[in-house]
There are 2 protein chains.
Amino acid sequence: MENKIFQNFLEKKGLKLTKERIAVLKEVFSFHDHFEPERLYLRIKNSDSKASRASVYRTLNLLVESGLVEKVTRTEKSNVYEHTFGHSHHDHMICDRCGSITEFYSEKLENLQKEICRSNGFDGKSHTLEIRGYCNKCKKIK
Amino acid sequence: MENKIFQNFLEKKGLKLTKERIAVLKEVFSFHDHFEPERLYLRIKNSDSKASRASVYRTLNLLVESGLVEKVTRTEKSNVYEHTFGHSHHDHMICDRCGSITEFYSEKLENLQKEICRSNGFDGKSHTLEIRGYCNKCKKIK
DNA sequence: TTGAAATTGAGATTAAATATCAATTGAATT
DNA sequence: AATTCAATTGATATTTAATCTCAATTTCAA
Ligand SMILES: [Zn+2]
Ligand SMILES: [Zn+2]
Ligand SMILES: [Zn+2]
Ligand SMILES: [Zn+2]
């Protein structure tokens, strides 16, 4: 469970699991969509367990470092995150018209990337694949 | 040639090919590396044909819109661009230690993505694949 | 209980990118 | 050549996500 994992992660770094960090962790795992830091802060602000904006940003960085959360992409305006613990790895298709995000996964694609890393002598740790274009609905309109 | 393409692009939009825009275009195509807007501005500042910071940013956006330049990635600090006209499509491996960028291309990978788009009813127009990890040199150190 | 280390939050700071706007330029028309 | 007007420029101001600062507070092990 994410709480235990985060606690272990913090312990190894000599950091403490405070009520603010719990508040952020809880909020991040209370829904399963992609989110931006500012939105997350506002959700926490309106919940019963508070944390300051600074703490939200700080904790978010720790969550990424722990592996529980990943940065999906960096848009013009801000970063976009998602919790990944409890979800298997996937990549994203983003519609340039409506902005909708389609998640997909391909074993073949993952293996091919490993192969490409190997042949380039690169020790790949993670990747971000973002396909842009028009989703099923929007491609009919324009 | 890029000048002609840019001129046609501007014409279609009812815009003019000014000396400032030429200066930016020239500088962007004077080297073949990835670059950040601020660095580009400084290069232009030290060249003989000047353009203000505002014009550099504005022209950069036009160059992306024209298809001559692409945004490689958006880092914590700024956007990273590269001119793509004259270069074939490729994806990037980025070293988390030294920041070096390795370009790669795989026909298989490209086809697989097309296949994935098809099976998702997605009309893919472009993609960004960024593999992060350690380059050949850095993986030995850490 | 004590004390060192970690954490917090309010506000300041940073910096990339965009917006503002008066002055200038470009080029088509007379 | 002069007129005209939209486009463009550049200096500066503004925006805003993210980070930093630091005094006050909390945590927890000794
Ligand atoms: Zn979930
Ligand atoms: Zn993947
Ligand atoms: Zn996702
Ligand atoms: Zn490249």
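Convention: sequence-line order gives letters A, B, ...; per-chain numbering from 1.
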- Calculate the interatomic distance between B:Glu76 atom CD and D:dC20 atom C1'; express it in whole Å. 16 Å
- Query: Are the charged groups of B:Arg132 and B:Glu130 less than 4.0 angstrom apart, N to O?
  - Reply: yes
- Query: Would you say B:Asn61 reaches C:dA17's phosphate, i.e. side-chain N/O to OP1/OP2 under 4.0 Å?
  - Reply: no
- Query: Cluster question for you: counting only ILVMFWY and a side-chain heavy-atom cut-off of under 4.5 Å, with indirect links fine, are A:Ile5 and A:Leu10 together?
  - Reply: yes
- pair B:Glu20-B:Ser52: side-chain heavy atoms closer than 4.5 Å: no
- Message: Counting primed atoms plus P, OP1 and OP2 as sugar-phosphate and everything else as base, spell out the protein contacts along nucleotides 24-30 of chain C at 4.0 Å heavy-atom distance: B, S or - for each nucleotide, 5' to 3'.
- Response: -------
- Query: What's the NZ-C1' distance between B:Lys77 and C:dT13, to the nearest Å?
  - Reply: 11 Å
- Note on the structure: Atom CZ of A:Arg74 and atom P of D:dT16 are separated, to the nearest Å, by 15 Å
- Give me the ring orientation class for B:Phe29 and B:His83: parallel if the planes are under 30° apart, tilted from 30 to 60°, perpendicular past 60°. parallel
- Message: How many whole angstroms separate atom OH of A:Tyr81 from atom P of D:dA17?
- Response: 13 Å
- Under 4.5 Å between any side-chain heavy atoms of A:Glu103 and B:Asn120, yes or no? no
- Query: With a cut-off of 6.0 Å (strictly less than), are more than 12 heavy atoms of other residues, nucleotides or ligands near NZ of B:Lys50?
  - Reply: yes
- Message: Can you classify the ring geometry of A:Phe31 versus A:Phe35 as parallel (below 30°), tilted (30 to 60°) or perpendicular (above 60°)?
- Response: perpendicular
- Rounded to the nearest Å, what distance is computed from the CG atom of residue B:Leu10 to the P atom of nucleotide D:dA7? 13 Å
- Map A:Asn79 and B:Leu15 onto DNA chain D by nearest heavy atom, then report which one ends up closer to the 5' terminus. B:Leu15
- Within residues 21-58 of chain B, find the residues that approach DNA chain C with a heavy atom at under 4.0 Å, and present them sorted by residue number. B:Pro37, B:Tyr57, B:Arg58
- Task: Output yes when B:Lys13 and B:Glu65 qualify as a salt bridge under the 4.0 Å nitrogen-oxygen rule, no when they do not.
- Result: yes
